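Structure first, commentary second.
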Amino acid sequence: MMNIEAKPGRAPHAPAQDMAARAHIDAETYERMYRESITDCDGFWGEQGKRLDWIKPFEAVKNTDFTLGKVSIEWFRDGTLNVAQNCIDRHLATRAEQTAIIWEPDDPADPAKHITYRDLHREVSRLANVLESLGVSRGDRVVIYLPMIPEAAYAMLACARIGAIHSVVFAGFSPDALGARINGCDAKLVITADEAPRGGRKTALKTNTDQALLHCNEGVKCLMVRRTGAQTTWVEGRDFDYGALMAEAEDHSEPAEMNAEDPLFILYTSGSTGQPKGVVHSSGGYLVYAAMTHQITFDYHDGDVFWCSADVGWVTGHSYIVYGPLANGATTVMFEGVPTWPDASRFWEVCEKHKVNQFYTAPTAIRALMGHGATPVEKHDLSALRLLGTVGEPINPEAWNWYNEVVGKGRCPIVDTWWQTETGGHLITPLPGATALKPGSATKPFFGVQPVVLDPQSGAVIEETEAEGVLAIADSWPGQMRTIWGDHERFEQTYFSQYPGYYFSGDGCRRDADGDYWITGRVDDVINVSGHRMGTAEVESALVAHAKVAEAAVVGYPHEIKGQGIYCYVTLMNGVEPSEELRKELRQWVRQEIGPIASPDLIQWAPGLPKTRSGKIMRRILRKIAENDYGSLGDTSTLADPSVVDELIDNRMNRG
Ligand code: 6R9
């Protein structure tokens, strides 16, 4: 076992020696390049921009303004390129027969697929032609609601090829959530499948899509992949069969010349208020950033097999299953299943089978697997592994240590990467071979990233090295989101108004004496359940949509496996009696309204909610009660009726 005792001011983990020898970046290079990236930003990113093939090379590098009222973010704005060409065509001369995607199906008894760059080129070109034949053209939106199958990557890249904008919707979302996203971006087409197998169970995606489309514009078409062959309903003239159209499609499709700033995709994500917002990412800056972070953070080298276990429905899947790896000509693993089915050794079986070199997953998966002990890991030969990564939520040191010792055998650096849907790629992360690791710390900023710790009340920058406050970023980086689809005003309000002049992340953080960052979690009403980001407001609005619910307040509470669980305070309509059945009914209701990931863990009946005299729910108090930390409720003097608090404490659900 390695000695990982954390002494203040001392880095417990020096970068692994074998890693330092071959890593792209060593400690000195990091310092030098980081300085350059800040002092000569245009020079630095102008050089990095050359990672891509440009149709018309850019001259301008950075044109950005964080000033409230005129926030504008542009990178490489006079350059033109095609993202699919960069992820596929340019590799054909040197690696046409190399595997681009290894697809590992849900059921381990089914064969894996190896898709070469040549195969990828053919499938994506054909699909690009199919999309055009269905009336999709440059700038149109296409919603992708698919299982984790290669067709999901083909669909994203086919959109990119013709300049259409994709919006991937996680297959775990409900028909309502899907419909809201189709309408939100006014999509012309939905690409779906008959069913999505996952963990031995099946989700009826086509049935969900049929339901969603009842509430959408009549002109929206549907292209369906046959994944399981299940019977589905069929609407002539609206529904099209993927296999049939692909069989007839031409192999040639000319990549569209797109501007660097043309949107590549919209990805809906939760915020602290209102409905999910459509985060818009660019073509040029996004791809430069995804490619660079994929190569540097994961120390990716030619020939490596890279596996990111996320779903393409999340940003992690966009940047580190599809765009980053393929832009780098990598072999990327796409896994349809779950870590614990058929049993808790599945991840490790897949790592062994495909000789995975870099493995990237979420702390919630590590915690769930940790519970099964070391045996499922030790059954497998993990000697190909060189690096481990985590993303999605803070990782607790116990999980970090288990990952390091049991999975990595103490010889694989762990990159704890902090970033967001909004940031496009890693912003704070260790670099293997360059950064001393500390269990639980995301450590140092990536190139070009200038984190600041702000005093949450005054908004002042805390200049001392040791600091605690909210995390903001002082200037732009190429992977930054450009706007919220259809609502630039909301974009400015959400990210640039509370702390003017900065991009506000919504996370709290601490910076230690070494200048390393420790992310402490969201400071807004966003919760992180099993690495899935959720707005408490969304769960609340689902609850109050139920006929028996008068009012609801939702907060997160610490959960051993999920990181955070969903704690709901529910006030019932007058005359409605609380019961276990009603609890079940509400749980089921929320699953239907949003999806299984939003299923409430605890529902407390609340005859009254703590409110200020102006009627605002005091969530701070509800959070404390849910955390079973009611001894430190703080100031309750502004409450209209302080007695409701005692009632809530007496009947609290989390006494652990
Ligand atoms: C990539 C992704 C973003 C939120 C973010 C933060 C949390 C992500 C983290 C982390 C601590 C890490 N988060 N990575 N917290 N350490 N390494 O997860 O995007 O789904 O938008 O979530 O996730 O709270 O603000 P997204």
Side-chain angles (χ1 to χ4, degrees), residues 168-170 172-173 265-272 276-281 286 289-290 293-294 297-298 308-321 323-324 360-367 388-397 399-400 403 414-430 435 437-446 449 451 470-473 479-481 484 494-495 503-511 516-536 538 556 562-564 597-598:
V168 182
V169 176
F170 174 57
F173 276 121
F265 65 84
I266 303 168
L267 188 56
Y268 283 86
T269 192
S270 298
S272 49
K277 37 188 190 254
V279 168
V280 176
H281 277 288
Y286 169 79
Y289 202 73
T293 47
H294 171 258
T297 305
F298 300 118
C308 162
S309 79
D311 191 285
V312 288
W314 313 117
V315 73
T316 306
H318 282 61
S319 299
Y320 302 114
I321 296 176
Y323 289 116
Y360 190 34
T361 196
T364 183
I366 300 168
R367 286 192 298 266
L388 299 170
T390 74
V391 59
E393 49 178 321
I395 182 164
N396 46 316
W400 196 102
Y403 201 30
I414 295 179
V415 291
D416 174 356
T417 61
W418 175 80
W419 60 296
Q420 310 176 296
T421 305
E422 292 88 339
T423 72
H426 310 143
L427 289 198
I428 300 184
T429 177
T435 315
L437 307 173
K438 298 177 187 174
S441 172
T443 71
K444 294 283 198 292
F446 194 76
V449 175
V470 296
L471 177 59
I473 313 292
Q480 186 172 22
M481 74 183 283
I484 290 175
T494 309
Y495 303 105
Y503 165 80
F504 173 45
S505 69
D507 280 316
C509 86
R510 183 165 72 75
R511 190 170 52 213
D516 286 320
Y517 291 84
W518 302 71
I519 312 299
T520 49
R522 301 289 305 196
V523 294
D524 53 12
D525 290 317
V526 170
I527 52 178
N528 198 324
V529 182
S530 299
H532 299 316
R533 175 172 161 179
M534 215 170 308
T536 52
E538 286 166 70
K562 299 180 179 184
Q564 277 187 302
I597 55 170

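Note that the coordinates shown come from a computational prediction; the quantities given were computed from them, not determined experimentally. One-based numbering, in listed order, for ligands and for the atoms of each. The figures that follow rest on heavy atoms only: side chains count, while hydrogens, waters and symmetry mates do not.
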| note | So the atoms of ligand 1 within less than 4.0 Å of a heavy atom of Asp416 turn out to be 12 (C), 16 (N), 17 (N)
| query | With side chains defined as the heavy atoms from C-beta onward, is the minimum distance between Arg367 and Glu393 less than 4.5 Å? | reply | yes
| query | Given side chains that start at C-beta, do those of Phe298 and Cys308 come closer than 4.5 Å, heavy atoms only? | reply | no
| query | Looking at ligand 1, does any of its N/O atoms fall within less than 3.5 Å of an N/O of Thr269? | reply | no
| request: Give a yes-or-no answer on whether the side chains of Thr421 and Tyr268 include a donor-acceptor pair shorter than 3.5 Å. | output: no
| field | Nearest protein heavy atom with distance in Å, relative to atom 22 (O) of ligand 1 | value | Arg533 CD, 3.6 Å
| task | Check each heavy atom of Ile395 against ligand 1 and say whether those closer than 4.0 Å belong to the side chain, the backbone, both or neither. | result | neither
| request: Evaluate the side-chain proximity of Lys438 to Trp518: yes if any heavy-atom separation is below 4.5 Å, no if none is. | output: yes
| message | For atom 23 (O) of ligand 1, which of the options Pro363, Ser441, Gly392 provides the nearest non-hydrogen atom? | response | Gly392
| message | Ignoring hydrogens and geometry beyond distance, is a side-chain donor-acceptor pair present between Glu422 and Tyr495 at under 3.5 Å? | response | yes
| field | N/O separation below 3.5 Å, Glu422 to ligand 1 | value | no
| remark: heavy-atom search around atom 1 (C) of ligand 1 in the protein gives Trp419 CE2, 3.4 Å
| query | If hydrogens are left out, which of Thr316, Val391, Thr421 has an atom nearest to atom 26 (P) of ligand 1, that is, the closest non-hydrogen atom? | reply | Thr421
| query | Counting heavy atoms only, which part of Glu393 comes closer than 4.0 Å to ligand 1: side chain, backbone, both or neither? | reply | backbone
| Winner among Asp524, Asp507, Val415 once heavy atoms are compared against atom 5 (C) of ligand 1 | Asp507
| field | Check: Gly324 main-chain N/O paired with Tyr289 side-chain donor or acceptor under 3.5 Å | value | no
| query | Can you find a side-chain donor-acceptor pair between Thr316 and Tyr360 that sits under 3.5 Å? | reply | no
| query | Taking atom OG1 of Thr293 and atom CG of Leu427, what is their separation to the nearest 0.5 Å? | reply | 9.5 Å
| remark: The atoms of ligand 1 lying under 4.0 Å from a heavy atom of Thr417, numbered in the order shown, are 9 (C), 12 (C), 14 (N), 17 (N)
| Would you say the side chain of Leu267 lies within less than 4.5 Å of the side chain of His281, judging by non-hydrogen atoms? | no
| said: Tell me the contacting part of Pro394 for ligand 1: side chain, backbone, both, or neither, using a 4.0 Å heavy-atom threshold, strictly below. | reply: both
| said: Under 4.0 Å, counting heavy atoms only: does Trp418 come that close to any atom of ligand 1? | reply: yes
| note | Asn528 heavy atoms within 4.0 Å reach ligand 1 at atoms 7 (C), 23 (O)
